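Chain letters run A, B, ... following the sequence lines, proteins first and then strands; every chain starts at 1. It should be emphasised that the depicted structure is a prediction, and the values quoted were computed from it without experimental measurement.
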Amino acid sequence: MVDLSVQIGDLCLKNPIMPASGTFSEDLATVFDLNQLGALVTKTITRGIRQGNPTPRVCEVSGSMLNSIGIPSKGVGPFIADMVPFYQAYNSPLVVSISGNTADEFARLCEEISVPGVAAIEVNISCPNIEEDGKAFAMRPASTLDVMRKLRAATDLPLWAKLTPNTGETSDVARAAEEGGADALVVSNTMLSMSIDVKSRKPRLGNLMGGLSGPSLKPISLRMAYQCAKAVDIPVIGCGGISTIDDVLEYLIAGASAVQVGTATFIHPTVMVQMIGALEAYLTEHNIPSVRDLIGSVRDEEAADTVVFMEAAP
Amino acid sequence: MVDLSVQIGDLCLKNPIMPASGTFSEDLATVFDLNQLGALVTKTITRGIRQGNPTPRVCEVSGSMLNSIGIPSKGVGPFIADMVPFYQAYNSPLVVSISGNTADEFARLCEEISVPGVAAIEVNISCPNIEEDGKAFAMRPASTLDVMRKLRAATDLPLWAKLTPNTGETSDVARAAEEGGADALVVSNTMLSMSIDVKSRKPRLGNLMGGLSGPSLKPISLRMAYQCAKAVDIPVIGCGGISTIDDVLEYLIAGASAVQVGTATFIHPTVMVQMIGALEAYLTEHNIPSVRDLIGSVRDEEAADTVVFMEAAP
Amino acid sequence: MTAAVLHVTPDSVPANERVFESECLVKSNMPVNNDYRLLILDAPAEILNCTPGQFFHIQCPVRGGHQPYLRRPMSIYGYFPEKGELQFLYKIAGEGTAALAELESGESLNVVGPLGQGFHIADDWQNLLLLARGVGLATLAPLALEAQRLGKKLTAICSARSPELLMSIDYFRDLGAEIITVTDREGTSDLAHLQGVIEGLIAGPGIDAFYTCGSNRLLKLLQELGAKHGIPGEIALEQQMACGLGMCQCCVRSFRAENGIVHKRVCKEGPVFDLQEAMGW
Amino acid sequence: MTAAVLHVTPDSVPANERVFESECLVKSNMPVNNDYRLLILDAPAEILNCTPGQFFHIQCPVRGGHQPYLRRPMSIYGYFPEKGELQFLYKIAGEGTAALAELESGESLNVVGPLGQGFHIADDWQNLLLLARGVGLATLAPLALEAQRLGKKLTAICSARSPELLMSIDYFRDLGAEIITVTDREGTSDLAHLQGVIEGLIAGPGIDAFYTCGSNRLLKLLQELGAKHGIPGEIALEQQMACGLGMCQCCVRSFRAENGIVHKRVCKEGPVFDLQEAMGW
Ligand SMILES: Cc1cc2nc3c(=O)[nH]c(=O)nc-3n(C[C@H](O)[C@H](O)[C@H](O)COP(=O)(O)OP(=O)(O)OC[C@H]3O[C@@H](n4cnc5c(N)ncnc54)[C@H](O)[C@@H]3O)c2cc1C
Ligand SMILES: Cc1cc2nc3c(=O)[nH]c(=O)nc-3n(C[C@H](O)[C@H](O)[C@H](O)COP(=O)(O)OP(=O)(O)OC[C@H]3O[C@@H](n4cnc5c(N)ncnc54)[C@H](O)[C@@H]3O)c2cc1C
Ligand SMILES: Cc1cc2nc3c(=O)[nH]c(=O)nc-3n(C[C@H](O)[C@H](O)[C@H](O)COP(=O)(O)O)c2cc1C
Ligand SMILES: Cc1cc2nc3c(=O)[nH]c(=O)nc-3n(C[C@H](O)[C@H](O)[C@H](O)COP(=O)(O)O)c2cc1C
Ligand code: FES
Ligand code: FES
């Protein structure tokens with residue numbers, strides 16, 4: 001028997017496969033038994049009620065998709081009343097994703113959501129920070145450190161910080177999140193993108209721009225997961241474009257301790273269950289006792305064909 | 001007869017289609033007559049001799065590619081001696097792409113390359129700046145402004161600043177480049193990415209990471225081209241994932257005055273010539289007298305299905 | 001290979017809420033007329049526990065120049081658990097449906113469903129009126145079958161651009177429906193004419209419920225007639241979908257509710273909605 | 001549709017440097033043995049002005065699960081301007097070649113070429129030795145045809161894992177080549193044995209030039225023998241390619257030069273290089 005369990009800080013997950021926020025809900029329970037998943041990660045909620053963005057909210061781009069759902073939310077009260085009890089029927093740990101327009105509002109929600117039944121809080125610091133001109137907290141190390149400190153002070157639950165690819169300072173932001181008290185990093189959210197319908201000349205999303213997810217995002221977020229795993233000591237949870245068992249392995253080898261599967265579930269609702277089976281089969285076939293033996297096993301010193309020449313520029 | 005010509009600052013191009021730096025060389029003259037192109041943009045050169053990065057230098061990722069060529073360069077002397085005269089045989093304007101490790105070295109090259117036969121200088125400020133911890137100049141507004149001021153002082157030729165997608169501050173960087181004296185913006189370079197071979201566990205590029213180009217990049221760089229066209233008054237030249245005439249139209253509609261075609265030429269060496277033909281056919285069919293009528297014609301006020309609800313969050 | 005579901009649905013989920021991802025085999029995929037094609041699948045019995053008005057989320061193949069990525073929602077045109085058959089009637093609209101049209105008999109197609117809320121027929125409704133245009137008939141066809149099964153009287157007003165595009169007329173007639181056809185070409189599909197026809201039916205045999213789908217014009221007409229005569233009704237709506245399961249919230253539309261306008265998910269609360277709550281677009 | 005080039009090459013380009021992007025039609029695409037397949041294309045005459053050792057850059061189709069993006073380089077196995085035929089011998093290595101194997105007769109394939117520098121045969125060379133293994137034979141096959149055309153004497157040492165994988169033996173024999181086969185299974189393909197065979201040829205009829213491709217082991221052996229006996233030679237090399245035209249600089253390899261190690265592009269300065277300049281890998 002191979003061991004699929006992984007450790008994310010104090011939390012032990014039965015396997016490293018879990019859904020990505022916003023691409024999963026209680027509705028998936030009509031398809032398969034959610035207890036099979038390593039964790040259950042909810043759509044981001046806000047304190048108050050929000051409607052989300054105008055439609056159209058999704059469009060297809062070559063082999064991937066854009067979304068501008070926004071964060072429609074019923075508010076924290078109804079979430080605690082209805083959703084937390086729903087997920088308590090499952091033994092996979094519940095991870096609640098939250099967000100706020102300001103660091104203080106964010107921290108307040110963090111405190112309010114720290115209720116029994118919630119195993120960890122994923123803080124979506126990729127969302128716009130109203131006090132920083134709408135730039136996401138996780139675009140800059142300073143705003144990341146600031147918001148993480150406030151969130152850390154607001155709860156004793158494990159805090160997973162979800163980073164954004166819309167930055168040139170991934171490693172610095174990762175270190176800031178760690179310094180601010182994150183127990184794990186989720187790497188990453190969607191990449192800001194756009195698509196225009198040539199016939200009508202209208203943007204194909206009602207909100208003009210939206211986030212790129214799916215296979216096109218993978219090389220970008222895999223690079224970030226690798227950079228983060230090198231930069232910090234806390235676990236990294238890979239996310240972005242994971243559609244096949246090879247994608248799962250690629251992230252684990254790059255240094256991720258677990259992965260989140262997003263858009264792929266829209267294409268194949270049962271894909272996570274199939275990945276768990278395939279991961280077990282892979283370990284068995286290759287005589288690898290534990291999935292933890294894969295984590296960070298990238299042979300990055302041996303990448304170059306020769307070492308006669310090497311420069312800094314990519 | 002429809003009019004394909006566009007204006008990039010003082011330079012009038014016979015049509016808006018030109019190659020992207022690093023994906024074109026004199027070798028393409030063995031395939032078609034280069035005089036058909038709107039401009040001829042060279043691979044980035046550096047002052048001194050450089051070897052480039054270790055192999056493997058390219059790999060495929062779902063429907064796109066990564067490269068870590070680096071900037072192999074014979075140095076500025078041989079370039080002026082051999083390449084400038086070669087291109088003088090063509091009437092399409094020669095645009096020389098340059099880069100440097102420090103702002104001063106960059107400026108010196110800018111001055112040296114300002115020779116007869118060069119119509120404009122594309123400054124690849126997406127390359128790492130050694131004085132800024134290896135971060136590219138164009139990742140931040142301040143370093144962009146600084147290097148652009150020095151480059152501006154070094155030449156009287158038109159300066160095209162090539163931006164990077166590896167930043168969260170596209171609009172600010174665009175404004176900084178304009179303020180620093182850029183005559184046009186090229187938007188954008190490749191996105192830092194990674195791929196690992198699961199079988200060997202080795203990174204698939206000798207340099208570990210490299211730049212994503214091709215269709216996967218398009219929604220990202222199109223978004224940037226749109227943002228830049230809104231942010232500045234100088235022309236924007238779109239670049240990223242352009243493979244079909246619809247992609248060309250999408251960038252023009254988004255606000256680009258011209259486009260650069262990169263990776264698509266690797267897949268179809270004659271694609272630029274075919275795009276020029278298709279663009280002319282499109283304008284004729286739709287009774288549009290000039291390609292300039294398309295530029296920035298996006299109906300962004302009408303994107304949303306309804307306007308009953310609208311929020312800031314993407 | 002044979003048609004098969006790809007996973008086990010938990011016992012705790014009520015039979016009528018179970019959703020399956022399954023591989024089906026194409027039995028045939030033929031043009032019905034210039035615009036529409038009929039796709040017949042060999043489907044596992046589990047997935048055929050459907051309600052009229054529900055839909056499947058279909059993974060169109062990657063084929064030729066076509067590279068659809070997201071699934072495409074398609075109403076169930078026919079579901080026959082006895083013979084293990086699932087049917088879709090579709091129109092080539094773009095990349096996904098163009099690729100779908102290239103599927104050949106014997107090939108495999110991955111479908112997810114049945115999804116969403118179907119039509120309701122209250123026990124005391126006897127005379128049902130169905131009003132549809134074009135591919136909308138696909139959505140309403142299984143309702144006709146269900147009406148026959150329940151012994152209801154059904155009148156179907158079928159609208160199209162021209163007579164040769166009228167579809168499924170025989171299908172409806174075989175099910176004992178009374179058919180009224182209207183076409184643009186004959187000048188019989190305009191609102192005034194339709195209103196007259198429906199008012200006539202209301203005054204004559206009477207109508208207990210309206211069923212429609214897809215057109216703003218028809219929606220408005222039926223809302224007015226429904227309000228005027230106190231006749232309830234349902235409408236099937238469309239919206240761009242990603243997950244099809246209720247998870248992503250991309251498929252919302254606005255609906256009238258007591259406390260203002262609310263958003264509902266077409267894939268989950270719909271695609272069938274109360275006629276009076278629906279809003280034009 | 002018929003085979004056609006997609007553009008006009010400028011007159012200023014010398015005929016032997018012209019590169020074409022063209023659509024060819026598949027005449028046949030059949031397995032030769034368990035490992036290799038032969039692809040025969042109906043090709044426009046313009047593109048068949050080739051030199052042995054040159055290659056084409058092939059756009060493998062998007063097919064089934066395979067979605068190759070970049071082109072794949074393939075040596076010219078045969079080019080016959082008279083009958084408008086272009087041939088490739090290939091092995092399924094991964095996604096692109098797997099997709100290529102699914103191409104059927106009558107389908108269209110987009111190729112770019114001819115590309116790169118081929119082999120040279122100096123006027124005063126009479127006895128040529130060709131040493132290749134596996135798919136390397138594909139690269140050397142047109143050289144045998146050219147040798148026959150020029151009236152040169154050719155000896156071909158063909159190496160393979162086992163006798164049934166030896167390919168193109170008849171092809172070489174029909175061209176008048178003397179054939180020596182060596183295989184791992186028979187224990188005849190080791191370096192010591194090969195060295196003996198070649199030393200014998202040098203001592204006997206004599207050898208004016210070596211031609212090889214692809215294997216580190218064979219390269220080293222021929223470099224030593226070449227240096228020892230003063231025999232020149234050429235080797236065809238491989239490297240990952242993107243553009244195939246010399247533009248992107250991704251396909252460089254290191255070569256010995258007077259002033260140290262230099263980089264050359266396999267697609268442009270190669271794929272055929274001087275035997276002694278080549279470096280092992
Ligand atoms: C519940 C439901 C049931 C449907 N039933 C049928 C049916 O029985 N027969 C039929 O022919 N069509 C039906 N449609 C419409 C069908 O889904 C679209 O025609 C199809 O998605 C178009 O895909 P495409 O790639 O061919 O077109 P494209 O225009 O290339 O599609 C681009 C994107 O827009 C989406 N899209 C385009 N049109 C629609 C639409 N009308 N509704 C939702 N998404 C759309 C596509 O799914 C895709 O994501 C139904 C739609 C819904 C929501
Ligand atoms: C000049 C030249 C001539 C060649 N001639 C032949 C021939 O006649 N017959 C034949 O069977 N093969 C030949 N090859 C090798 C052939 O190009 C590869 O087998 C093929 O590209 C593999 O593609 P794939 O998608 O099947 O494999 P994958 O491993 O999936 O390919 C992944 C990537 O690596 C590249 N790649 C993989 N192997 C090689 C290789 N050996 N050389 C260069 N790039 C590679 C592919 O092009 C692709 O970009 C030649 C290579 C070169 C450079
Ligand atoms: C429809 C949709 C909605 C999303 N909503 C959220 C969200 O509410 N909070 C969040 O942190 N990420 C959200 N994401 C981002 C995903 O969690 C994930 O980071 C991203 O999609 C990349 O993973 P993928 O390529 O596997 O989809 C959403 C993504 C999609 C496609
Ligand atoms: C192989 C390769 C080499 C490149 N070299 C350079 C370069 O030297 N300088 C530069 O500014 N951009 C370089 N680029 C980036 C391209 O100019 C272009 O910005 C990018 O590829 C996006 O466009 P595309 O998707 O059309 O390829 C290179 C891209 C590729 C693929
Ligand atoms: S399509 Fe995802 S919620 Fe309806
Ligand atoms: S493959 Fe581009 S230079 Fe050789």
Would you mind checking which part of [X] comes under 4.5 Å of any heavy atom in chain A, side chain (CB onward), backbone (N, CA, C, O), both or neither?
| X | value |
| --- | --- |
| B:D172 | side chain |
| B:V198 | both |
| B:I220 | both |
| B:L205 | backbone |
| B:L66 | side chain |

As an exercise: rank B:R204, B:M139, B:E169 by heavy-atom pairs under 4.5 Å with chain A and give me the winner.
B:E169
Could you measure the distance from the [atom1] atom of [X] to the [atom2] atom of [Y]? Nearest 0.5 Å is fine.
| X | Y | atom1 | atom2 | result |
| --- | --- | --- | --- | --- |
| A:M191 | B:S216 | CE | OG | 12.5 Å |
| B:M194 | A:D300 | CE | CG | 6.5 Å |
| A:H286 | B:K199 | NE2 | NZ | 8.5 Å |
| B:I196 | A:R223 | CD1 | CZ | 13.0 Å |

Mind ranking A:V298, A:L249, A:T164 by heavy-atom pairs under 4.5 Å with chain B and telling me who comes out on top?
A:V298
If you compare all heavy atoms of A:E302 against all heavy atoms of B:K202, which two are closest, and at what distance to 0.1 Å?
O-CD, 3.3 Å
Nearest heavy-atom contact between B:P56 and A:A303 is CD-O, 3.8 Å
Any side-chain heavy atom of B:P54 sitting closer than 4.5 Å to one from A:D305?
no
Are the side chains of A:E250 and B:S195 in contact, using a 4.5 Å heavy-atom criterion?
yes
Pick one of side chain, backbone, both or neither for A:V61, based on which atoms fall under 4.5 Å of a heavy atom in chain B.
side chain
Whether A:R201 side chain and B:S297 backbone form a donor-acceptor pair below 3.5 Å
no
